[in-house]
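Contents: one structure, followed by commentary.
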Protein chains: 2
Amino acid sequence: MKVTRETDYAIRAVLLLSEDRGKTLPVSALSEKMDLPRSFLAKILQKLSRAGIVESIRGASGGYRLKRNPSRISLYDLYKAVQGEFVVNECAVEGRVCSRKERCAVHPVWKKIEREAVREMKKHSIASLSGEKSSQRS
Amino acid sequence: MKVTRETDYAIRAVLLLSEDRGKTLPVSALSEKMDLPRSFLAKILQKLSRAGIVESIRGASGGYRLKRNPSRISLYDLYKAVQGEFVVNECAVEGRVCSRKERCAVHPVWKKIEREAVREMKKHSIASLSGEKSSQRS
DNA sequence: AGGAAACAGGATAAAATTTGTCCGATATGA
DNA sequence: TCATATCGGACAAATTTTATCCTGTTTCCT
Ligand code: FES
Ligand code: FES
């Protein structure tokens, strides 16, 4: 559930890609401009690529560019592409074995926190977050 | 931010302690009844003890008992006693070094998720969660 | 007094996760 | 062909999670 460096880096990279919209940037440029470890970022971009969020262009003058409109990329999309399903408590995951699940009164609380957090992350698109000065109220 | 086994176990133990209210139970009993690893649970109870949530009675026929009324013990109290401050993204922690903090539009989103989750956890007391059928009373 | 039951606190450690690096293979533009 | 890139897999350090064990101390009971 916690947002790791991986996801944080993914967000920063995608934010940068959304600035020069449609532009293709190599990992080196993204890494330098956002001060992120290069080879780690490379791995992260592969995940985003597989998730259909960015697109890779191989070969000389290649790099990465957004595949979707920034307004259609939410924080949740990035979280999920990088970290997978958002889970508050392993015990409350659907399909997990937990002998107490039926009578557990705490379970629903974790589920609610989960839903609220996901909802909040879905609310914010890269488009609404980019541009430094965007006074997004929520 | 994720709820670890430690916190999950703490909640189960405190729930059991709240059933026999005021009763003192040794770690062995708590461990057996809730099927939790004994020595691990012992460590967790020490944390709860230091946080003033439970009280330890040493010596033969000793054990642990609640120090506060179950209606005054929230999930958040337990989370904090065991895992410390609730944090969604390390980058967004107060007082942390992050060069981009000032102009970062994502920061407020993590903070909001944090506030909402903490609020939700504070809303539920052990009293309101115990008794399987969630009959509210205090 | 002595023994058994129980917690306190520190040391230790296995397993899992996070946070990366590196390299050989492949693709592509000039 | 050569320089520039990504791809995918292997590897690895650091940290966190999930425990266990041991020695010491307290307290009840006989
Ligand atoms: S869901 Fe497993 S104990 Fe609550
Ligand atoms: S708070 Fe550090 S980059 Fe957003």
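Each chain gets a letter, A, B and so on, in the order its sequence line appears, and its residues count up from 1.
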Classify the nucleic acid contact of [X] as base, sugar-phosphate or nothing, counting any heavy atom under 4.0 Å across all strands shown.
X	answer
B:Ser39	base
B:Leu45	nothing
B:Gly59	base

Note to self: Using the side-chain contact (heavy atoms from CB on, under 4.5 Å) definition, which of the options B:Leu41, B:Ile44, B:Ile11 pairs with B:Glu6?
What the structure shows: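 In the set B:Leu41, B:Ile44, B:Ile11, the residue that makes a side-chain contact (heavy atoms from CB on, under 4.5 Å) with B:Glu6 is B:Ile44.
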
Without decimals, in angstroms, what is the distance between [X] [atom1] and [N] [atom2]?
X	N	atom1	atom2	answer
A:Lys2	D:dT15	NZ	C1'	11 Å
B:Lys47	C:dG9	NZ	C1'	13 Å
A:Glu90	D:dT16	CD	P	18 Å
B:Phe40	D:dT17	CZ	C1'	7 Å
A:Arg50	D:dT6	CZ	P	14 Å
B:Leu41	D:dC21	CG	C1'	16 Å
B:Leu30	C:dA5	CG	P	18 Å
A:Tyr9	C:dG20	OH	P	4 Å

Check: Would B:Glu116 and B:Arg119 pass as an ion pair if we require N to O under 4.0 Å?
Finding: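 B:Arg119 and B:Glu116: not salt-bridged.
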
Checklist line | A:Lys2/B:Glu90 ion pair, N-O < 4.0 Å | finding: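 Salt bridge flag = yes for B:Glu90 with A:Lys2.
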
Check: If you pin A:Lys43 and A:Ala60 to their nearest nucleotides in DNA chain D, which one's is more 5'?
Finding: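 Result: A:Ala60.
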
Of the candidate nucleotides [options], which contains the atom at the shortest distance from the side chain of [X]?
X	options	answer
A:Pro37	C:dC7, C:dT28, C:dG20	C:dG20
B:Thr4	D:dT17, D:dC21, D:dT25	D:dT17
A:Arg58	D:dC28, D:dT25, C:dA25	C:dA25

Notebook entry, point to check: Distance from B:Lys47 atom NZ to B:Ile53 atom CD1, nearest 0.5 Å?
Noted result: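 B:Lys47 NZ to B:Ile53 CD1: 11.5 Å, rounded to 0.5 Å.
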
Check: Does a side-chain N or O from B:Ser56 land closer than 4.0 Å to OP1 or OP2 of C:dC7, or not?
Finding: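 For C:dC7, neither OP1 nor OP2 has a side-chain N or O of B:Ser56 closer than 4.0 Å.
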
Note to self: Using every non-hydrogen atom in the two residues, find where B:Tyr64 and B:Ala42 come nearest and quote the distance to one decimal.
What the structure shows: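 Here B:Tyr64 and B:Ala42 meet closest at OH-O, 4.3 Å.
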
